[in-house]
Amino acid sequence: MTPSSLPFSGLLRSKRGVNALLRWCGGALRSPGGTSSPVSPARMPPPGARRCSASSSGDTTAWLWSVYHQTKRQSEDLTQILSSNSVNPDTIFANNETSLHDIEIYGFDYDYTLAFYSSHLHTLIFNIARDILIQEHRYPAGLREYEYIPDFVVRGLHYDVQKALLMKIDAFHYIQLGTVYRGLHPVPDKEVIAMYEGSHVPLEIMSDFYGKSSHGHTMKQFMDIFSLPEMTLLCCVNDYFMKHNIDYEPVHLYKDVKEAIGDVHVKGIMYRAVEADIEKYICYGEQTHAVLRKLSENGKKMFLITNSPFDFVDRGMNYIVGKDWRSLFDVVIVQADKPGFFNDRRKPFRRVTDKGVLLWDRIHHLEKGQIYKQGNLYEFLRLTGWRGSKVLYFGDHIYSDLADLTLKHGWRTGAIIPELRKEIKIMNTPDYVHTMTWLQSLTGLVEQMQVHRDPASQAVVQQWIKEREHMRSRTKDIFNGQFGSLFRTYHNPTYFSRRLSRFADIYMASLSCLLKYDLQHTFFPRRTPLQHESPFWPEQTCVNAMNLPIESRRSKTE
């Protein structure tokens, strides 16, 4: 993530902050020989160059622990300052420089973009799909003992169809050990390493650039918010089969669960349930209405492209915006069949009447106030002339909503990530700030002091490494006990996070974040240093001298 303000920049703007940084930069770590220059990797001799004799090993060990305690005290002092420099959850974050001044047309998905759903919806999807498995696929009736488990999974996970394993993978295709689940139980790290001959997942069994598998059913990545009930159902059915020693084919299970979840949508079961009790399932969208009204009052053109059917969208938008919601949009397209909408040139648009009747006439213009079904983006571009970076489209699905638009058509894209608000609130807590500050300080300490190769010193360093591993697990559990943060696998960005940075120009927790900015605002991504650039950045040089972690900026994802 790239926040609108960084803690160190904030520190440098206050007298208290500058004094704190100077204390850190001047807090030299003295070696047993009495040198007072800051200990940094650049000043260290190569590994093995410094040898401690048996007589001096005790002095070196005592010095290492004194450095440890001094670093910890400094880390605790800095935590108090960083805790007062929190990130606003309503911030819009930029991966690519984006000026609202240049945007003339705003486009939107519907589900989890204009309409936000309560937690009841995931429970509904889970229960209906579970019952479909029992009634139509002849699965054991005992599955009814399982209920939906909120917060068990996070978005962006991978599922190994052949092995029936759900796991979290980072941007470099490495499995985050401790996050591999078979059913509802974690798989031991040793077993995972044995199965994959390490923790790296080869490219050929993972999904391609757009999240699709090119080698049949191998690895499936779940990028949709609607996929949370699907992942949970997979885990529950796997758990039932293992608990009852039932021999089963994992591929069949995956396909059956996928089909059952699909039926919930395709057969309209979910749509009818939501329409029947809309107040239970849709969060009232007063701020969504305010965003649309703001854009309209400023003369912006707007359109809606969604995969949902018209009746469902109309019922929801009546509730969120009002009966005149269609007057805000210049074009409304339903049942678009994204992502096929962005690539398939063959499907023409078809007009839909208010009563849901499909008309057969050829579409020569996309008229305001009318409803259109299917179609394709190429025809959309021809009929509207809305091309290039003057268009900004918002959606929640990184692949289906955003990938093609940014890569093939040059539209600007905005990702709606509802989980972002919760994660930022966690990152702003004193517990998280304290843990991360000390974790990064300790990591720097291990990196610097590993050059002491005598057994006594190495024993000390190994204790630090064990403490570091414990703290890394703790930072994961703060977000989600099973899979951790949506955006990070320890220090690396997740596979989800890397795709987000590639396909979204900007991202935010909800559309309501737009209310904080005027429509002339430019979003600038923070220029964070590459690894080889760090020594040349004044802020980073001071950080290195302080043993202060770059990661304490908390919001960066690469």
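For D344, the salt bridge (charged side-chain N to carboxylate O under 4.0 Å, His left out) partners at least two apart in sequence or on another chain are R346.
In this structure, the separation between OG1 on T232 and CG on D151 is 9.5 Å, given to the nearest 0.5 Å. Residue I398 holds its CD1 atom at 8.5 Å from OG1 of T413, rounded to the nearest 0.5 Å. Interatomic distance, F342 CZ to I305 CD1, rounded to the nearest 0.5 Å: 5.5 Å. Between atom CG of residue L304 and atom OH of residue Y110 there is a gap of 9.0 Å, rounded to the nearest 0.5 Å. In this structure, CZ in R488 is found 9.5 Å from CE in M427, a value given to the nearest 0.5 Å. To the nearest 0.5 Å, atom NZ of residue K347 and atom CD of residue Q335 are 10.5 Å apart.
In plain terms, the two heavy atoms of A504 and A415 that are nearest each other are CB-CB, 3.8 Å. L124 and A273 make their closest contact through CD2-CB, 3.6 Å (heavy atoms, listed as atom of the first residue, atom of the second, distance). Here the closest non-hydrogen pair linking Q287 and S512 is OE1-CB, 3.3 Å. Residues G156 and M223 come closest through the heavy atom pair CA-SD, 4.1 Å. When all heavy atoms of S227 and F222 are compared, the closest pair comes out as OG-CB, 3.4 Å. Shortest non-hydrogen contact noted between K476 and G178 is NZ-O, 4.3 Å.
Ring geometry, Y399 versus H397: the interplanar angle falls from 30° to 60°, so the pair is classed tilted. Taking the six-membered ring where the residue is Trp, Y495 and H173 present tilted rings, their angle falling between 30° and 60°. Aromatic ring orientation, F380 versus W386: perpendicular (interplanar angle above 60°, classes split at 30° and 60°). Relative orientation of the F523 and Y517 rings is perpendicular, given thresholds of 30° and 60° on the angle between their planes. Below 30°, between 30° and 60°, or above 60°: for F483 and Y181 the angle between ring planes is between 30° and 60°, a tilted geometry.
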Exercise for review: List the steps, then state whether side-chain contact (heavy atoms from CB on, under 4.5 Å) holds for F93 with I417.
Suggested key: CA-CA 11 Å; F93 303 94; I417 313 293; over 6 Å; no

Walk me through whether L486 and N480 qualify under side-chain contact (heavy atoms from CB on, under 4.5 Å).
CA-CA 9 Å; L486 173 64; N480 177 281; over 6 Å; no

I128 vs M270, side-chain contact (heavy atoms from CB on, under 4.5 Å): CA-CA, chis, key distance, verdict:
CA-CA 8 Å; I128 295 173; M270 183 194 80; 5.5 Å; no

Audit row: Y248, Y240, ring pair (Phe, Tyr, Trp, His ring centres under 6.0 Å) steps and yes/no: CA-CA 11 Å; Y248 68 101; Y240 181 89; over 10 Å; no

_As a quick check of understanding, evaluate side-chain contact (heavy atoms from CB on, under 4.5 Å) for F312 and V334, giving each step before the final call._
CA-CA 10 Å; F312 180 71; V334 299; over 6 Å; no

Run D131 and R144 through salt bridge (charged side-chain N to carboxylate O under 4.0 Å, His left out) and show every step you take.
CA-CA 8 Å; D131 292 344; R144 285 200 175 90; 3.5 Å; yes

Check against side chain to side chain donor-acceptor pair (under 3.5 Å), Q370 and R351
CA-CA 7 Å; Q370 300 297 324; R351 193 158 69 87; 2.7 Å; yes

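With hydrogens and angles disregarded, no donor-acceptor distance shorter than 3.5 Å links the side chain of D396 to the backbone of T113. Of the possible donor and acceptor atoms, one in the side chain of N318 sits under 3.5 Å from a partner among the backbone N and O of D314. Checking side-chain atoms of R130 against main-chain N and O of V237 turns up no donor-acceptor pair under 3.5 Å. Between the side chain of Q482 and the backbone N or O of V153, no donor-acceptor pair lies under 3.5 Å. Not one N or O on the side chain of N298 forms a donor-acceptor pair closer than 3.5 Å with the backbone of K300. For N376 (side chain) and R345 (main-chain N/O), a donor-acceptor pair under 3.5 Å exists by modelled atom type. Under a 3.5 Å cut-off, the side chain of R412 and the backbone N or O of T98 do not form any donor-acceptor pair. Not a single donor-acceptor pair under 3.5 Å links the side chain of D337 to the backbone N or O of G340. Judged purely by atom type and a 3.5 angstrom limit, D263 has no side-chain atom pairing as donor or acceptor with the backbone of K267.
In the displayed structure, H101 atom NE2 is contacted under 6.0 Å by at most 12 heavy atoms of other residues, nucleotides or ligands. In this structure, E145 places its CD atom where more than 12 heavy-atom neighbours from other residues, nucleotides or ligands lie under 6.0 Å away. Annotation for E275: atom CD counts as buried by contact number, over 12 foreign heavy atoms lying within 6.0 Å. Applying the 6.0 Å contact sphere to NZ of K422 captures no more than 12 heavy atoms from other residues, nucleotides or ligands. Residue-environment remark: NZ (K294) exceeds the threshold of 12 foreign heavy atoms within 6.0 Å.
Two residues are said to be in side-chain contact when any heavy atoms from C-beta on lie closer than 4.5 Å; F226 and Y117 meet this criterion. In this structure, the side chains of E97 and T522 come closer than 4.5 Å at one or more pairs of heavy atoms. The closest side-chain heavy-atom distance from T494 to I169 is not below 4.5 Å. For the pair I225 and H122, the minimum side-chain heavy-atom distance is below 4.5 Å. Annotation: side chain of N238 is not in contact with side chain of L165 (no heavy-atom distance under 4.5 Å). A 4.5 Å side-chain heavy-atom check between Y148 and C236 finds every atom pair outside the cut-off. Contact annotation: the side chain of I269 approaches that of I132 to within less than 4.5 Å [non-hydrogen atoms, C-beta and beyond]. Here the side chains of H120 and D277 are not in contact, with every heavy-atom distance at 4.5 Å or above.
Residues D256 and Y139 bring a donor and an acceptor atom of their side chains to less than 3.5 Å of each other.
F303 pairs with exactly one of W411, Y106, F108 by the ring pair (Phe, Tyr, Trp, His ring centres under 6.0 Å) rule, that one being W411. Tested against K338 for a side-chain hydrogen bond (donor to acceptor under 3.5 Å, both in side chains), the candidates N307, T306, N343, D401 yield a single pass: D401.
If you look at Y378 and H409, their ring centroids are closer than 6.0 Å.
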